[in-house]
Amino acid sequence: MSLVKVDNLSVRYGANTVLRHVGLTIDPGEIVTIVGPNGSGKTSLLKAIIGATAPAAGTIRKKPGLKIGYVPQRLHIDPTLPITVGRFMQLSHRVDRKACAAALETAGVPDLLGRQMSQLSGGQFQRVLLARALINQPDILLLDEATQGLDQRGSASFYQQIEAVRAETGCAVLMISHELHVVMSASDRVVCLNGHVCCEGTPAVVASAPEYRALFGSGTGGALALYRHEHDHDHDHDHDHSHEAAE
């Protein structure tokens with residue numbers, strides 16, 4: 001049974017229709033990435049799935065009892081506020097220290113429990129947000145450009161950690177990203193969105209689709225080349241690099 005099934009979805013803000021007749025299915029354990037230009041409705045689709053935005057038309061069906069973990073694009077914390085990672089993770093969840101530590105380990109940052117949030121690097125901060133989303137052992141993780149502000153190496157390391165999380169927990173992942181070069185190596189399926197679904201399929205299929213190239217330019221063949229290189233590299237090295245710290 002699918003975890004989420006979006007059928008003929010339309011979303012409007014006032015007179016502005018941002019999504020038209022969108023269909024999307026997320027199955028257990030798969031990593032699906034949504035790409036598209038600014039204003040293409042990517043975040044609106046995530047908000048509709050979460051329930052934060054009401055559809056103007058269409059339906060969103062979720063598996064009964066579905067547990068969702070959400071990693072936001074940005075979260076501002078006052079740098080003068082003294083709060084440890086462990087305390088931060090307990091703000092929105094009634095969980096013990098052991099559960100927090102386990103989630104941090106799954107997110108690839110096992111040694112941060114007592115660290116001040118203000119002392120974290122950008123990559124560490126995003127791993128803590130990931131750990132917070134993992135505490136309730138979700139069936140699906142939703143990520144809204146969760147690596148924005150990280151450099152290319154930090155982004156690649158974060159997405160490799162997402163693959164490791166999926167392998168360890170079996171959760172599905174639906175993520176938005178503008179980083180085509182990274183996304184292609186981390187996704188089972190890519191959905192190209194521009195107010196509607198332009199094309200979807202495996203990374204190789206989407207990277208060669210005329211609709212995708214019309215949006216992102218002919219130079220995006222490089223994304224596919226990197227996808228092939230990293231995919232082969234991962235098999236050769238058995239994902240040894242997936243636990244590198246994101247700095």
Within the distance-only criterion (no hydrogens, no angle test), does the side chain of [X] pair as donor or acceptor with the backbone N or O of [Y] below 3.5 angstrom?
X: Asp78; Y: Thr80; value: yes
X: Ser157; Y: Arg153; value: no
X: Gln161; Y: Thr106; value: yes
X: Gln126; Y: Phe158; value: no
X: Glu200; Y: Val190; value: no
X: Asp188; Y: Ile31; value: yes
X: Arg20; Y: Gly195; value: no
X: Gln148; Y: Glu145; value: no

Subject >> Intermediate values then yes/no, side-chain contact (heavy atoms from CB on, under 4.5 Å), Leu174 and Leu143 >> reply: CA-CA 6 Å; Leu174 177 62; Leu143 298 92; over 6 Å; no
Taking the side chain as everything from C-beta on, heavy atoms only, tell me whether [X] gets closer than 4.5 Å to [Y].
X: Arg87; Y: Met117; value: no
X: Ser118; Y: Leu81; value: no
X: Val191; Y: Thr33; value: no
X: Leu142; Y: Ile68; value: yes
X: Leu150; Y: Ser155; value: yes
X: Val128; Y: Leu104; value: yes
X: Phe216; Y: Cys192; value: yes
X: Met89; Y: Val95; value: no

Quick check for you: to the nearest 0.5 Å, what is the distance between [X] atom [atom1] and [Y] atom [atom2]?
X: Ser40; Y: His196; atom1: OG; atom2: NE2; answer: 10.5 Å
X: Gln124; Y: Leu129; atom1: CD; atom2: CG; answer: 12.0 Å
X: Lys67; Y: Ile135; atom1: NZ; atom2: CD1; answer: 12.5 Å

Donor-acceptor pairs under 3.5 angstrom involving side-chain atoms of residues 44-64: please list them, not counting sequence neighbours.
residue	atom	partner	partner atom	Å
Ser44	OG	Tyr13	OH	3.0
Lys62	NZ	Ile49	O	2.5

Is there a path of hydrophobic side-chain contacts, each under 4.5 Å between heavy atoms of I, L, V, M, F, W or Y residues, that connects [X] with [Y]?
X: Leu134; Y: Ile162; answer: yes
X: Val22; Y: Val18; answer: yes
X: Val109; Y: Leu113; answer: yes
X: Val71; Y: Ile176; answer: no
X: Leu130; Y: Val85; answer: yes

Where is the tightest heavy-atom contact between [X] and [Y], given as atom of each residue plus distance?
X: Thr84; Y: Gly114; value: CG2-O, 3.8 Å
X: Cys100; Y: Gly86; value: SG-O, 4.2 Å
X: Arg189; Y: Leu24; value: NH1-CD1, 4.3 Å
X: Pro138; Y: Gly69; value: CB-N, 3.4 Å
X: Arg132; Y: Phe88; value: NH1-CZ, 3.8 Å

Original post:
If you measure only the distance, is there a donor-acceptor pair under 3.5 Å linking the side chains of Tyr159 and Ser187?
Top reply: no
Indicate every side-chain donor-acceptor pair of residues 2-11 with a distance under 3.5 Å to a residue at least two apart or in another chain.
residue	atom	partner	partner atom	Å
Ser2	OG	Asp27	OD1	2.8
Asn8	OD1	His21	ND1	3.0
Ser10	OG	His21	N	3.3

Subject >> side-chain contact (heavy atoms from CB on, under 4.5 Å) between Tyr70 and Leu141, intermediate numbers included >> reply: CA-CA 6 Å; Tyr70 177 64; Leu141 271 177; over 6 Å; no
**OP:** Check the pair Cys171, Ile140 against side-chain contact (heavy atoms from CB on, under 4.5 Å), reporting the backbone distance first and the verdict last.
**Re:** CA-CA 5 Å; Cys171 72; Ile140 182 170; over 6 Å; no
Subject >> Within 6.0 Å of CD in Gln137, more than 12 heavy atoms from elsewhere >> reply: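 Counting neighbours around CD of Gln137, 12 or fewer heavy atoms of other residues, nucleotides or ligands fall under 6.0 Å, so no.
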**OP:** State which residues pass side-chain hydrogen bond (donor to acceptor under 3.5 Å, both in side chains) with Asn38; sequence neighbours excluded, sorted by chain then number.
**Re:**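 With sequence neighbours excluded, Asn38 shows a side-chain hydrogen bond (donor to acceptor under 3.5 Å, both in side chains) to no residue whatsoever.
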